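Model, not experiment: these values are computed from the prediction. Only this structure's heavy atoms are used, side chains among them; waters, hydrogens and symmetry mates stay out. Starting from 1, each residue takes its place in the sequence as its number.
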Amino acid sequence: MPLDRTSAFYEENAETYAKRVRSLPKQLDAFLAGLAPGAAILELGCGGGQDSAYMLSQGFDVTPTDGSTELARQAEALIGRPVRVMLFQELDADSAFDGVWAHASLLHVPRFELPNVFARVRRALRPGGLLHASFKAGEAEGYDGFGRYYNYPSADGLSALLAKGGWRDIAIEENDGGGYDGKPTRWITVMAHR
């Protein structure tokens, strides 16, 4: 299974990864602006907890989750509240959240599982709920220098997948940036409504 090495990386490097110097994603304020004050937000793949901490500081009701026990522990230390250890494929909420923040997390879902995971995310949102997700762009699945799996989708492929899954108001942007590996990265950012 491709995620074994990915999971191992985050378990073994949790403290270094969580405590790295990192700016908040520039899309975070735009995402929050699309929600009512105090809205319920599910963060999928909270990593070190920086985004959850910011959303909490802005008065939102945040439920942080991560697939790594060690990263969850790091996030809990930062935000002072429990972080649910959960894989995306285990999400079973129904109309429970106004927004789902999945920044640089769903990019680890094997391509063949993406339709199911997007369906689970959509079901977890209330009608009209907002999704933010970001991916490293590409044409074929692969691994980075740390052995982490990425699904590397194209913008067109993601757009088609979301449309087929019933999402609406799909907005996709592409930007150049970087990643934890220090290499130039083409990022795809998706915003869509249930």
Between K136 and Y152, is NZ or CZ placed under 6.0 angstrom from the six-membered ring centre and within 45° of the ring axis? no
Between R73 and S68, is there a side-chain donor-acceptor contact under 3.5 Å, judged purely by atom types and distance? no
Are D61 and I41 side-chain neighbours, meaning at least one heavy-atom pair lies under 4.5 Å? no
With no hydrogens and no angle check, is any side-chain donor or acceptor of R120 less than 3.5 Å from a backbone partner on L91? yes
With rounding to the nearest 0.5 angstrom, report the CZ to OG1 distance, R84 to T65. 7.5 Å
Give me the ring orientation class for Y143 and Y149: parallel if the planes are under 30° apart, tilted from 30 to 60°, perpendicular past 60°. perpendicular
Heavy atoms of M55 and E43 approach each other most closely as CE-OE1, 3.9 Å
Test side chain to side chain contact (heavy atoms under 4.5 Å, CB included) on D29 and Y54; report intermediate values, then the result. CA-CA 10 Å; D29 283 326; Y54 178 75; 2.6 Å; yes
Roughly how far apart are L44 CG and H108 NE2, rounded to 0.5 Å? 13.0 Å
Please check this pair: side chain of T63 against backbone of L42, looking for a donor-acceptor N/O pair closer than 3.5 Å. no
Return yes if some donor-acceptor pair links the side-chain N/O of D169 with the main-chain N/O of H193 below 3.5 Å, else return no. no
Heavy atoms of P64 and I79 approach each other most closely as CG-CD1, 3.6 Å
Please tell me whether F97 and V121 are part of a single hydrophobic cluster in this structure, the criterion being side-chain heavy atoms less than 4.5 Å apart. yes
Can a salt bridge be assigned to the pair E174 and R186 using a cut-off of 4.0 Å between side-chain N and carboxylate O? yes
Please check if atom CD in E11 has more than 12 non-hydrogen atoms from other residues, nucleotides or ligands closer than 6.0 Å. yes
Return the minimal non-hydrogen interatomic distance between S159 and I170, and the atom names on each side. O-CD1, 4.0 Å
Is there side-chain contact between K164 and P115, with at least one heavy-atom pair below 4.5 Å? no
Does E113 form a side-chain hydrogen bond (donor to acceptor under 3.5 Å, both in side chains) with Q89? I'd like the steps, not just the answer. CA-CA 8 Å; E113 292 186 30; Q89 296 86 339; 2.5 Å; yes
Exactly one of T185, T6, D181 clears side-chain contact (heavy atoms from CB on, under 4.5 Å) with D144, and that residue is D181
In the structure I gave you, are the side-chain heavy atoms of L162 and V190 within less than 4.5 Å of one another anywhere? yes
Test of understanding: clusters of I, L, V, M, F, W, Y form through side-chain heavy atoms closer than 4.5 Å, transitively. Do L130 and L24 belong to the same one? yes
Do you know which two heavy atoms are closest between G67 and L87, and how far apart they sit? CA-CD2, 4.2 Å
About how many Å separate OH of Y17 and CG of L71, when rounded to the nearest 0.5 Å? 7.5 Å
Y180 ring centre to R20 NZ or CZ under 6.0 Å, with the angle to the axis within 45°? no
Between D94 and R123, is there a side-chain N and carboxylate O pair less than 4.0 Å apart? no
Check H132, Q27, K26 against T189 for a side chain to side chain donor-acceptor pair (under 3.5 Å) and give me the one that passes. Q27
With a 4.0 Å cut-off on N to O distance, would you call D51 and R22 a salt bridge? yes
Side chain E76, main chain V83, donor-acceptor under 3.5 Å: yes
Would a single hydrophobic cluster contain both M191 and W187, if residues Ile, Leu, Val, Met, Phe, Trp and Tyr are joined by side-chain heavy-atom contacts under 4.5 Å? no
Run R81 and S52 through side-chain hydrogen bond (donor to acceptor under 3.5 Å, both in side chains) and show every step you take. CA-CA 10 Å; R81 64 169 51 192; S52 277; over 6 Å; no
Using atom types as modelled and distance alone, determine if a side-chain donor or acceptor of D66 lies under 3.5 Å from a backbone N or O of C46. yes
Quick check: do L161 and L114 have side-chain heavy atoms less than 4.5 Å from each other? yes
May I ask you to test the Q50-L78 pair for a side-chain heavy-atom distance under 4.5 Å? yes
Test log, rule side chain to side chain contact (heavy atoms under 4.5 Å, CB included), inputs R148 and Y150: CA-CA 7 Å; R148 297 179 298 175; Y150 288 90; 3.0 Å; yes
Could you walk me through whether Q74 and K19 pass the side chain to side chain contact (heavy atoms under 4.5 Å, CB included) check? CA-CA 8 Å; Q74 294 293 322; K19 294 192 170 154; 3.6 Å; yes
Would the distance check show the side chain of N13 and the main-chain N or O of T16 forming a donor-acceptor pair, the cut-off being under 3.5 Å? no
Shortest non-hydrogen contact from V85 to A72? CG2-CB, 3.7 Å
Can you give me the closest heavy-atom contact between L131 and F118, atom names plus distance? CD2-CE2, 4.0 Å
Could you tell me if the side chain of L106 sits less than 4.5 Å from the side chain of V117, heavy atoms only? yes
With the side chain counted from C-beta on, respond yes when L28 and W101 share a heavy-atom pair under 4.5 Å apart, and no when they do not. yes
Is the shortest side-chain heavy-atom distance between W167 and R122 below 4.5 Å? yes
Where do E70 and Y10 land on the side-chain hydrogen bond (donor to acceptor under 3.5 Å, both in side chains) test, with the steps shown first? CA-CA 7 Å; E70 291 303 318; Y10 289 113; over 6 Å; no
